[in-house]
Undergrad: 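Let me give you the structure first, and then I'll get to my questions.
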Amino acid sequence: QVQLVESGGGLVQAGGSLRLSCAASGRTFSTYAMGWFRQAPGKEREFVSSTGWRFGSTYYADSVKGRFTISRDNAKTTVYLQMNSLKPEDTAVYYCAASSYTSSWDRPASYAYWGQGTQVTVSS
């Protein structure tokens, strides 16, 4: 069982930055792939970024590549999402999630554990 708690969301102007954090409970954090997803009103939940558990591999949606950076600190059982050059279209509720799968980390169905979400609003 893994419990996830996101923080760091807020209101920011276009071009600004935010850093999201996701604190995980459980001693097996280092064995889970971690992902960030987002969901805007009226839209489906979409993949943002993920990081593997073994080699620290990272993956990004094309829409955030070059602007967002995912990282994890296994000692602190925390995963981060640094978001730079934010755009109004980045506005959404951001969720972190934990997966025991070894692939398909861009699919919500691959994740068994989800946080409650944190709101990110980017004003133009």
Undergrad: Which residues pass the side-chain contact (heavy atoms from CB on, under 4.5 Å) test with Thr118, sequence neighbours left out?
TA: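 side-chain contact (heavy atoms from CB on, under 4.5 Å) check on Thr118 returns Glu6, Leu20, Tyr94.
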
Undergrad: Report the residues that fulfil ring-ring contact (aromatic ring centres under 6.0 Å, His included) with Trp53, sequence neighbours left out, ordered by chain and then residue number.
TA: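 Scan of Trp53 (ring-ring contact (aromatic ring centres under 6.0 Å, His included), adjacent residues dropped) gives none.
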
Undergrad: Could you tell me the separation between the CD atom of Gln82 and the OG atom of Ser21, rounded to the nearest 0.5 Å?
TA: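 Interatomic distance, Gln82 CD to Ser21 OG, rounded to 0.5 Å: 9.5 Å.
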
Undergrad: Treat each ILVMFWY residue as a node, draw an edge where side-chain heavy atoms are under 4.5 Å apart, and state whether Phe68 and Val12 are in one component.
TA: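 Cluster IDs for Phe68 and Val12 match.
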
Undergrad: Do you know which two heavy atoms are closest between Ala24 and Leu4, and how far apart they sit?
TA: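 So the two residues come closest at CB-CD2, 3.5 Å.
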
Undergrad: Under 4.5 Å between any side-chain heavy atoms of Met34 and Ser50, yes or no?
TA: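 Met34 vs Ser50: side chains apart.
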
Undergrad: Taking side-chain contact (heavy atoms from CB on, under 4.5 Å) as the test, write out the residues that go with Lys65, two or more places apart.
TA: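 With sequence neighbours excluded, Lys65 shows a side-chain contact (heavy atoms from CB on, under 4.5 Å) to Tyr60, Asp62, given in chain and number order.
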
Undergrad: Do Thr51 and Val79 pass the side chain to side chain contact (heavy atoms under 4.5 Å, CB included) test, and can you show the C-alpha distance, the side-chain angles, and the key distance before you say yes or no?
TA: CA-CA 9 Å; Thr51 178; Val79 62; 4.3 Å; yes

Undergrad: Shortest non-hydrogen contact from Val93 to Gly117?
TA: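 Taking every non-hydrogen atom into account, CG1-CA, 3.8 Å.
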
Undergrad: Please list, one pair per line, the donor and acceptor atoms closer than 3.5 Å that link side chains of residues 85-92 to other protein atoms, with sequence neighbours excluded.
TA:
{"from": "Asp90", "atom 1": "OD1", "to": "Arg38", "atom 2": "NH1", "distance (Å)": "2.9"}
{"from": "Asp90", "atom 1": "OD1", "to": "Arg67", "atom 2": "NH2", "distance (Å)": "3.0"}
{"from": "Asp90", "atom 1": "OD2", "to": "Arg67", "atom 2": "NH1", "distance (Å)": "2.8"}
{"from": "Asp90", "atom 1": "OD2", "to": "Arg67", "atom 2": "NH2", "distance (Å)": "3.4"}
{"from": "Asp90", "atom 1": "OD2", "to": "Lys87", "atom 2": "N", "distance (Å)": "2.8"}
{"from": "Thr91", "atom 1": "OG1", "to": "Pro88", "atom 2": "O", "distance (Å)": "2.9"}
{"from": "Thr91", "atom 1": "OG1", "to": "Val122", "atom 2": "N", "distance (Å)": "2.9"}
{"from": "Thr91", "atom 1": "OG1", "to": "Val122", "atom 2": "O", "distance (Å)": "3.4"}

Undergrad: Among all residues two or more places apart in sequence or in another chain, which pass the side chain to side chain donor-acceptor pair (under 3.5 Å) test with Thr28?
TA: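 Once residues adjacent in sequence are excluded, Thr28 has no partner under the side chain to side chain donor-acceptor pair (under 3.5 Å) criterion.
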
Undergrad: Residues in side chain to side chain donor-acceptor pair (under 3.5 Å) with Thr121, at least two apart?
TA: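 With sequence neighbours excluded, Thr121 shows a side chain to side chain donor-acceptor pair (under 3.5 Å) to Gln119, given in chain and number order.
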
Undergrad: At their closest point, which heavy atom of Gly52 faces which heavy atom of Ala33, and how far apart are they?
TA: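 Nearest pair, atom of Gly52 first, then Ala33: CA-CB, 4.3 Å.
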
Undergrad: Can you tell me if CD on Gln3 sees more than 12 non-hydrogen neighbours from other groups inside 6.0 Å?
TA: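 Open: at most 12 neighbouring heavy atoms sit under 6.0 Å from CD of Gln3.
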
Undergrad: Test: disulfide (SG to SG under 2.5 Å). Region: residues 37-68. Which pairs qualify, not counting sequence neighbours?
TA: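 Not a single pair qualifies under disulfide (SG to SG under 2.5 Å).
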
Undergrad: Got a second to check how far Gln116's CD is from Ser7's OG, nearest 0.5 Å?
TA: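 Atom-to-atom, Gln116:CD and Ser7:OG are 8.5 Å apart.
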
Undergrad: Do Thr78 and Asp73 get their side chains close enough for a donor-acceptor pair, meaning under 3.5 Å?
TA: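 Short answer, no.
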
Undergrad: Output all residues satisfying side-chain contact (heavy atoms from CB on, under 4.5 Å) with Asp106, sequence neighbours left out; order by chain, then residue number.
TA: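 Applying side-chain contact (heavy atoms from CB on, under 4.5 Å) to Asp106 gives Phe47.
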
Undergrad: Any chance you could measure Thr69, atom OG1, to Arg19, atom CZ, to the nearest 0.5 Å?
TA: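 Thr69 OG1 to Arg19 CZ: 10.5 Å, rounded to 0.5 Å.
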
Undergrad: Applying side-chain contact (heavy atoms from CB on, under 4.5 Å), can you list everything that pairs with Arg45, at least two apart in sequence or on another chain?
TA: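 For Arg45 the side-chain contact (heavy atoms from CB on, under 4.5 Å) partners, ignoring immediate neighbours, are Phe37, Gln39, Tyr95, Trp114.
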
Undergrad: Share the residues that join Tyr80 in a hydrophobic cluster, the rule being Ile, Leu, Val, Met, Phe, Trp or Tyr side chains under 4.5 Å apart at the heavy-atom level.
TA: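 When side chains under 4.5 Å apart are linked, Tyr80 ends up in no cluster with other residues.
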
Undergrad: Kindly indicate whether the side chain of Tyr111, heavy atoms from C-beta on, has any atom under 4.5 Å from the side chain of Tyr101.
TA: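 In short, these two side chains do not touch, never coming nearer than 4.5 Å.
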
Undergrad: Tyr59: what forms a ring-ring contact (aromatic ring centres under 6.0 Å, His included) with it, not counting sequence neighbours?
TA: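 Tyr59 satisfies ring-ring contact (aromatic ring centres under 6.0 Å, His included) with Trp105 only.
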
Undergrad: What disulfide (SG to SG under 2.5 Å) pairs are there with at least one residue in residues 53-97, not counting sequence neighbours?
TA: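 Those involving residues 53-97 are Cys22-Cys96.
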
Undergrad: Of all the heavy-atom pairs spanning Gly9 and Val120, show the shortest one and how long it is.
TA: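 Reported closest heavy-atom pair: CA-CG2, 4.2 Å.
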
Undergrad: Taking the side chain as every heavy atom from C-beta outward, state whether Asn74 and Phe29 have any pair of such atoms under 4.5 Å apart.
TA: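 Side chain of Asn74 against side chain of Phe29, heavy atoms only: contact under 4.5 Å found.
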
